[in-house]
Each structure stands twice: as C-alpha cells, then as structure tokens.
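Have a look at the structure below before the remarks.
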Amino acid sequence: MYNSLEQKRKFYVLTIGLLIYLFGSTILFILGNVTNILSREYTKIPWILNGLLYIVYQVFILIEWVILMKSIRNED
C-alpha cells in the first residue's frame, strides 16, 4: 500500500476496511481466549465487538462501491 500512494488508488478504501477488520478481529479473538479463562461474564464482548468491526467493514465496502459507481457514471 505504501508504494501505491503515488498511483491512482483503485480499491484503496476496500483494502483499508479489510485490514482494519482483520487486525481488529485477530486481536479480539486473542484477547477473547484470555478473557474466557479469567471470567465468564466477559465472554460475549469479543463477539459483539467483532460484529461491530464486520459492520464497519461492510460500510467500507459500500463507500468503495459508491466511489466506483460515481466514476463509472462520470465516464459516460
């Protein structure tokens, strides 16, 4: 991604959304295993946060789709 900063950014927003979701999900599941050992009352928090991260990822997909549709309409 760093090398493509000077080029035209195709699917840039989608890539950022995917990276945010994957890093966040990985960290949540690692911490989720630790909280499962420590206390039973915190077991649903990682699942809720992962769901929120997935919704954020879907919003990034929507933003990328809107950007692509605008560029297609401008070409016509």
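Residue indices begin at 1 and follow the sequence shown.
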Working for side chain to side chain contact (heavy atoms under 4.5 Å, CB included), residues I63 and V59: CA-CA 6 Å; I63 292 170; V59 169; 4.0 Å; yes
Out of the candidates V13, I72, L62, only one should pair with I67 under the side chain to side chain contact (heavy atoms under 4.5 Å, CB included) rule; please name it. V13
Which donor-acceptor pairs under 3.5 Å do side chains of residues 25-32 form with protein atoms, sequence neighbours excluded?
unit_1: S25; atom_1: OG; unit_2: N50; atom_2: OD1; d: 3.2
unit_1: T26; atom_1: OG1; unit_2: L22; atom_2: O; d: 2.7

Heavy-atom pair with the smallest gap, counting every atom of L14 and E64: N-OE1, 3.3 Å
Is any side-chain heavy atom of I61 closer than 4.5 Å to one of Q58? yes
Can you list every pair that meets ring pair (Phe, Tyr, Trp, His ring centres under 6.0 Å) and has a residue in residues 48-73, with sequence neighbours left out? Y21-Y54, Y21-Y57
